[in-house]
2 protein chains.
Amino acid sequence: MSKRRPTRQRTAILTVLEEADSFLSAQELYDALRLKGLSVGLTTVYRNLQTLADRNEVDVVRREDGEWIYRRCDADQHHHHLVCRSCGHAVELANDELELWTKSLARKHRFSEVTHDLELFGLCRECSTSSANQRR
Amino acid sequence: MSKRRPTRQRTAILTVLEEADSFLSAQELYDALRLKGLSVGLTTVYRNLQTLADRNEVDVVRREDGEWIYRRCDADQHHHHLVCRSCGHAVELANDELELWTKSLARKHRFSEVTHDLELFGLCRECSTSSANQRR
DNA sequence: GTTAGTGCAAATGATTTGCAAACAG
DNA sequence: CTGTTTGCAAATCATTTGCACTAAC
């Protein structure tokens, strides 16, 4: 594994990720950086997010429209999210039952290497009240 | 709602979908059609799949690599799948508990319009035995 | 100096759209 | 005829890659 060099760009990306408690897509992170006057190349944003994801330093989820969204994360356990499809705000969920259910199905149907992806999307209280704060 | 006209292309698409008991992407369906000598424009394949999906005549799932895959379906109830990531073979799953769990979480976290997507991917017995039959 | 990191421009690849020609009722 | 459907070519759009350049160590 190679060493990581703290560059201006990397620091900026981490800062914005720390501050945002919601999920952000690469493009949204890119925009957020420019707004802060911390412009970083889009390519760099993508590459850093990828690295962070590989190291499990961010949670990665695919939004309903297909875009990947990322969020700072420390928990190293497997877990799921309830994500606001408007503002990206998210709640972490644990569900052991689901894990067990998955395993028993895999056995029953003789499938191996079964992985599961479960993400819940909805509108958080804020967003269902105001129609402002729309992501797009 | 407009009427549907039975065209050569539409019939061919439905035929292949009926015969395949596995999930297929638009591109795979397109290839399958050519192999059968029933060439249909790729655009047409996409448009028909979209229409079928709108009418709930096919199940639509997003594969791990991001491609949408489709399969003929009659059940109109909400359900999930255990899909082989190699050959597309799938098993339908029902899980009322999951539905209930979703609802209770929505209430608890005050989210509205919560939808959930759960798809399990693995390797079916056939595919985990032989390394042939790989989708890609 | 080496090696990791950056960023522009160009490539990718699935999906969508414009539009004129072909077809079903 | 009249509204659908088709299919090519071109457009989209998030993401990736080639490559020359810059910055850590």
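Below, read A as the first sequence line, B as the second, and so on, with proteins coming before strands; counting in each chain starts at 1.
- Within 6.0 Å of CD in A:Glu97 there are 12 or fewer heavy atoms belonging to other residues, nucleotides or ligands.
- When the P atom of C:dA14 is taken as reference, atom CD of A:Glu67 falls 18 Å away, rounded to whole Å.
- The side chain of A:Gln50 places an N or O atom within less than 4.0 Å of a non-bridging phosphate oxygen (OP1 or OP2) of D:dT16.
- One hydrophobic cluster, built from ILVMFWY side chains closer than 4.5 Å, holds both B:Leu105 and B:Leu118.
- The backbone N or O of A:Glu113 sits less than 3.5 Å from a side-chain atom of B:Arg85, completing a donor-acceptor pair.
- Looking at the side chain of B:Trp68, the nearest of the listed nucleotides D:dT17, C:dT15, D:dT15 is C:dT15.
- At a cut-off of 3.5 angstrom, counting only N and O atoms as typed in the model, there is no donor on one side facing an acceptor on the other between the side-chain of A:Arg8 and the base of C:dG5.
- Atom OH in B:Tyr30 sits about 15 Å away from atom P in D:dT6, given to the nearest Å.
- A sub-4.0 Å separation between OP1 or OP2 of D:dT6 and a side-chain N or O of B:Thr7 is present.
- In this structure, B:Gln27 atom CD and C:dT12 atom P are separated by 15 Å, rounded to whole Å.
- Whole-Å rounding puts the B:Asp65 CG to D:dT15 C1' distance at 14 Å.
- Here the options are A:Glu19, A:Glu28, A:Glu92, the test is salt bridge (Lys or Arg N to Asp or Glu O under 4.0 Å), and the partner is A:Arg71; only A:Glu92 passes.
- Listed pair B:Arg10 / D:dT5 meets the phosphate criterion, a side-chain N or O lying under 4.0 Å from OP1 or OP2.
- Computed from coordinates, the B:Leu24 CG to C:dA14 P distance equals 15 Å when rounded to whole Å.
- Remark on DNA chain D: of its neighbouring residues A:Tyr46 and B:Thr44, the 5'-side contact belongs to B:Thr44, judged by nearest-heavy-atom nucleotide.
- Here C:dC19 is the nucleotide among C:dC19, D:dA14, C:dA24 with the atom lying nearest to any side-chain atom of B:Arg47.
- In this structure, B:Leu49 places its CG atom 15 Å from P of D:dT5, rounding to the nearest Å.
- Between the side chain of A:Arg5 and the base of C:dT3, at least one donor-acceptor pair of N or O atoms lies under 3.5 Å.
- In this entry the distance linking CD of B:Glu64 with P of C:dA14 reads 17 Å, nearest Å.
- Look at B:Gln9 and you'll find a side-chain N or O under 4.0 angstrom from OP1 or OP2 of D:dG7.
- Rounded to an integer number of Å, the gap from CG of A:Asp54 to P of C:dG5 is 13 Å.
- Each of A:Val40, A:Leu24, A:Leu42 was evaluated against A:Leu29; a single residue qualifies, A:Leu24, per the side-chain contact (heavy atoms from CB on, under 4.5 Å) test.
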